[in-house]
J.: 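Sharing a structure, written as structure tokens. Questions coming.
Residue numbers start from 1 in every chain, and the chains themselves are labelled A, B, ... in the order their sequence lines are given, proteins ahead of strands.
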Amino acid sequence: MSNTERQNNSKEIKPKNFIYEIIDEDLKTNKWNGRVHTRFPPEPNGYLHIGHAKSICLNYGIAEHYGGKFNLRFDDTNPEKEEQEYVDSIIEDVKWLGANFGEKVLYASDYFEQMYNYAVELIKKGKAYVCDLSSEEVTATRGTLTQPGKESPFRNRSVEENLDLFERMRKGEFPNGSKTLRAKIDMASPNLNLRDPIMYRIVHEEHHRQGNAWCIYPTYDWAHGLEDSIEGITHSICTLEFENHRPLYDWFLDELGVYHPQQIEFARLNLSFTVMSKRRLLQLVKDGYVDGWDDPRMPTISGYRRRGYTPGAIKNFTEMIGVAKRDALTNISLLEYAIRDDLNKRAQRAMAVLRPLKIVLTNYEGEEELDAVNNPEDPKAGTRKVKFTKELYIEQTDFMENPPKGYHRLIPGGEVRLRYAYIIKCEEVIKNEKDEVVELRCTYDPETKSGSGRSSKKVKGTIHWVSTKYAVTSEVRLYDRLFTVENPGTKEDWLKTINPNSLEIIENAKLEPLLKNAKPLDKFQFERMGYFCVDTKYAIKEKLVFNRTVTLKDSWVFKK
RNA sequence: UGCCGGGUCGUCUAAUGGCAGGACAGCGGCCUUUGGAGCCGUAUGUAGAGGUUCGAAUCCUCUCCCGGCAGCCA
């Protein structure tokens, strides 16, 4: 083996991140009998966002990489916040991302009976007790970061009494908040999570799957490790804020003496110019700042889908950003790179004029069909015909009466190439009474037909155009970042940093006829303008609506 | 100031005692019938101070900074 080969080889087997290293080591020591089993455990209390996508790609990617298993499990332990709508959307999003979760979706609520039995076991061991303290009293006796808490007066009830009370809790004999089941650990622990944490609370509320079968619900700390244990998860991967909960995760499983997965924490994704907490996203939706969870400006999976992102781009993005333990604020430009990179290779090209300016070719008569390339990155995509006529639309921004230095497009008396067509010269500028340019009179040079090879003429710029006669009219929605500051989530008055211009609706864009029959989510590159896809909500038979996924990278900068 | 965790180019992330590398974003150039794409080049980083060592981003000590934790949320 040569040196280069060895290097390439070692590159391939290099672990992707610290979690892969842990798993490699576990495999080496046969810690889990060669098994790798991960899971994604969302609470159905909101839609999934790009941060969840990171977790899904990480967990599913691990299962895929090691030939292991991956579960989708709803952590549905709080009926007050959870809804079936969220369950449905989450399943759709996970599937869309391409994560295969085996035969069926799993639910923590299916384990309620077993969790109850485990709780009874802990009571019998003298490790759990029913506490009559109110919520306020529990808070007051928990102590502070620097001071130990006080033990509950109900801490030393007999096993018999605890068993009786716990059973009656389940039967519904007590009102909300009147009693809890608590683990008996250590009220003086420097880790506040270990100060007799609540395992069950009384909530008389209908559960979206269990109906009224239960009125006591397990807390996250009690339930989560059990869910992992019951499913035989090997690596229970979660975000950093649960690091302080790991000792409790371990305590419950050890006291029960049951199968004990390993919890590993990584840093959640933060994206610049957006918010990522479900609470804030919910507020944006509820208060009408956006057009629902799937608004194309939202960092939700459904929002990105509607915006025109692809699962592949999101997956590549999550691989680009990596996985580590330090807090990070990832620049949105990485995500934009990922989608441009993907769409550049796959998107059908088309010409579309967003803000039309009419031009008349005074020396052109008749019409003809010109050849246009469908995708320069993919020769197999072939070519198409584009109708060329005497009257055309060009982009308003592709003409300037008083251009700055370095402007390559059309100017009075200047020449520019029409993409796939001829070089034209601007002979006359027609204005209205408000001194606005409303039309251009131009001449074309028949010797300069694209692909003819007859022209020796060179021009700096090439602009796109659409025949006025054959153009299709469409609404186009242009999106900008939802917030004006890099990290809005850290601010109390984050709502004040919303970008008032995050959505611009253009009602009268002129498109190449090819786009007339585009279906929802069909993706295109509008040449020189960006990537666009058909909207799923507002596009109807009579009216096309395109969403701008992302602009093309524009290297032309106005130089003063 | 209790406990836990973390500090590497502007950003994200590698290097596991042995040349601080990659990606994105910059910048410069080439090419181009998309000012797209592509190609080439380039600058910028180990929080600080000591110590161990032939050799330290990596190990030790101290300091500084950042994040998380006082829900019957997850």
Side-chain angles (χ1 to χ4, degrees), chain A residues 14 16-18 21 41-43 45 75 77-78 80-81 131 133-135 138-140 142-149 176-182 189-195 197-203 216-217 219-221 223-224 238-247 265 267 269 272 278-279 317 319-338 340-341 344-345 349 351 373 375-377 406-409 417-421 423 448 450-451 455 458-464 486 525-531 551-557:
Chain A
K14 197 185 90 173
K16 288 179 179 166
N17 56 56
F18 77 99
E21 284 179 41
E43 184 192 12
N45 66 343
D75 201 12
T77 58
N78 184 0
E80 290 178 319
K81 292 187 174 177
C131 179
L133 254 28
S134 70
S135 175
V138 168
T139 302
R142 183 154 25 227
T144 68
L145 294 178
T146 51
Q147 291 168 323
N176 286 358
S178 59
K179 285 183 168 45
T180 57
L181 185 72
R182 293 229 256 167
S189 171
N191 182 341
L192 270 57
N193 295 126
L194 263 22
R195 319 245 261 228
I198 311 282
M199 296 164 62
Y200 278 94
R201 72 278 207 187
I202 299 172
V203 182
I216 57 172
Y217 289 91
T219 57
Y220 170 87
D221 283 316
H224 205 86
C238 62
T239 44
L240 252 29
E241 70 269 26
F242 295 106
E243 216 155 17
N244 294 335
H245 294 248
R246 181 160 23 97
E265 309 85 13
L269 170 67
S272 62
K278 279 199 210 168
R279 198 196 97 226
F317 167 71
E319 277 171 16
M320 272 193 284
I321 60 174
V323 176
K325 291 199 76 162
R326 56 175 158 267
D327 287 308
L329 178 60
T330 299
N331 199 296
I332 191 86
S333 66
L334 265 86
L335 216 210
E336 292 177 346
Y337 170 83
R340 282 194 191 104
D341 188 48
N344 176 47
K345 293 173 197 142
R349 310 292 134 118
M351 292 198 283
V373 174
N375 185 347
E377 306 298 318
Y407 186 77
H408 289 176
R409 291 107 100 171
R417 175 173 287 283
L418 294 179
R419 177 89 159 142
Y420 302 122
I423 291 176
T448 59
S450 185
S455 173
K458 288 270 182 196
V459 287
K460 277 272 180 68
T462 299
I463 64 175
H464 60 279
E486 204 175 29
Q525 184 197 101
F526 292 175
E527 294 213 31
R528 304 204 307 129
M529 303 308 287
Y531 296 97
T551 61
L552 253 31
K553 209 171 113 183
D554 187 1
S555 61
W556 185 71
V557 276

J.: Say you pick atom C1' in B:rG21 and the same atom in B:rG38; how far apart are they, in whole Å?
T.: 23 Å

J.: What form does the base of B:rG71 take, syn (within 90° of 0) or anti?
T.: syn

J.: Please find the pair of heavy atoms, one from A:Phe317 and one from A:Leu269, that lie closest to each other, and give the distance.
T.: CE2-CD2, 4.0 Å

J.: Take atom CD of A:Glu265 and atom C1' of B:rG67, then tell me their distance rounded to the nearest Å.
T.: 14 Å

J.: Measuring only the P atom in each nucleotide, how far is B:rA20 from B:rA47? A whole number of Å is fine.
T.: 15 Å

J.: Is A:Thr77 close enough to B:rA74 that one of its side-chain N or O atoms is under 4.0 Å from OP1 or OP2 there?
T.: yes

J.: Do side-chain atoms of A:Lys81 reach the backbone of A:Glu43 as a donor and acceptor pair under 3.5 angstrom?
T.: no

J.: Name the residue from A:Met529, A:Gln525, A:Arg340 that meets the side chain to side chain contact (heavy atoms under 4.5 Å, CB included) definition with A:Leu552.
T.: A:Gln525

J.: Take A:Tyr531 and A:Asn344 through the test side chain to side chain contact (heavy atoms under 4.5 Å, CB included) and record every step on the way to the result.
T.: CA-CA 9 Å; A:Tyr531 296 97; A:Asn344 176 47; 3.3 Å; yes

J.: Separation of A:His245 atom NE2 from B:rC73 atom C1', in whole Å?
T.: 10 Å

J.: Pick the C1' atom in B:rG17 and in B:rC59, then give their distance to the nearest Å.
T.: 8 Å

J.: Take A:Arg201 and A:Asn78, measure what side chain to side chain contact (heavy atoms under 4.5 Å, CB included) needs, and give me the verdict at the end.
T.: CA-CA 10 Å; A:Arg201 72 278 207 187; A:Asn78 184 0; 3.6 Å; yes

J.: What's the gap between B:rG26 and B:rA37 when it is taken at their P atoms, as a whole Å value?
T.: 10 Å

J.: How many whole angstroms separate atom CD of A:Glu319 from atom C1' of B:rG22?
T.: 15 Å

J.: Any side-chain donor-acceptor pair under 3.5 Å between A:Asn191 and A:Ser189?
T.: no

J.: For the pair made of CG in A:Asp221 and C1' in B:rC73, what is the distance, rounded to whole Å?
T.: 10 Å

J.: Can you check side chain to side chain contact (heavy atoms under 4.5 Å, CB included) on A:Lys325 and A:Glu243, steps first, answer last?
T.: CA-CA 11 Å; A:Lys325 291 199 76 162; A:Glu243 216 155 17; 2.5 Å; yes

J.: For every nucleotide of nucleotides 33-46 of chain B, 5' to 3': is a protein heavy atom under 4.0 Å from its base (B), only from its sugar-phosphate (S), or from neither (-)?
T.: BBBBS---------

J.: Heavy-atom nearest nucleotide on RNA chain B for A:Pro42 versus A:Leu145: which residue maps closer to 5'?
T.: A:Leu145

J.: Please tell me which of A:Asn193 and A:Pro190 maps to the more 5' nucleotide of RNA chain B, matching each residue to the nucleotide holding its nearest heavy atom.
T.: A:Pro190

J.: For nucleotides B:rC39 and B:rG5, find the distance between their C1' atoms and express it as a whole number of Å.
T.: 44 Å

J.: To the nearest Å, how far apart are A:Asn176 CG and B:rC72 P?
T.: 14 Å

J.: Just call it for A:Ser135: base, sugar-phosphate, or nothing, with non-hydrogen atoms closer than 4.0 Å on any strand.
T.: base

J.: Within the structure shown, what part of the strands sits under 4.0 Å from A:Leu269 by heavy-atom distance: base, sugar-phosphate, or nothing?
T.: nothing

J.: Say you pick atom P in B:rU61 and the same atom in B:rG67; how far apart are they, in whole Å?
T.: 25 Å

J.: In B/S/- notation, 5' to 3', how is nucleotides 8-15 of chain B contacted by protein heavy atoms closer than 4.0 Å?
T.: B--SSBSS

J.: Given atom OH of A:Tyr217 and atom C1' of B:rG71, what is their separation to the nearest angstrom?
T.: 18 Å

J.: For the side chain of A:Ser272 and the backbone of A:Ile332, is there at least one donor-acceptor N/O pair under 3.5 Å apart?
T.: yes

J.: Could you grab the distance from atom CD1 of A:Ile198 to atom OH of A:Tyr200, nearest 0.5 Å is fine?
T.: 13.0 Å

J.: Using atom CZ of A:Arg246 as one end and atom C1' of B:rG6 as the other, report the distance to the nearest whole Å.
T.: 14 Å

J.: What verdict does the side chain to side chain contact (heavy atoms under 4.5 Å, CB included) test give for A:Ile216 and A:Val203, after you've listed the backbone C-alpha separation in whole Å, the side-chain angles of each residue and the deciding distance to 0.1 Å?
T.: CA-CA 6 Å; A:Ile216 57 172; A:Val203 182; over 6 Å; no

J.: In whole Å, measure the gap between the P atoms of B:rU1 and B:rU8 for me.
T.: 23 Å

J.: With a 4.0 Å limit, can you tell me whether A:Ser189 has a side-chain N or O closer than that to the phosphate oxygens OP1/OP2 of B:rC3?
T.: no

J.: Do A:Arg349 side-chain atoms and A:Glu527 backbone N/O form a donor-acceptor pair below 3.5 Å?
T.: no

J.: Which stems does RNA chain B form, counting runs of 3 or more consecutive Watson-Crick or G-U wobble pairs with both distances under 3.5 Å?
T.: B:2-7 with B:64-69, B:10-13 with B:21-24, B:26-30 with B:38-42, B:47-51 with B:59-63

J.: Just the rounded figure in Å: distance from C1' of B:rG71 to CZ of A:Phe242.
T.: 13 Å

J.: Would you indicate whether A:Lys460, at its atom NZ, is surrounded by more than 12 heavy atoms from other residues, nucleotides or ligands within a distance under 6.0 Å?
T.: no

J.: Taking atom P in both B:rA57 and B:rC19, what distance in whole Å separates the two?
T.: 10 Å

J.: If we ignore hydrogens and angles and just use 3.5 Å, is the side chain of A:Asn375 paired with the main-chain N or O of A:Lys345 as donor and acceptor?
T.: yes

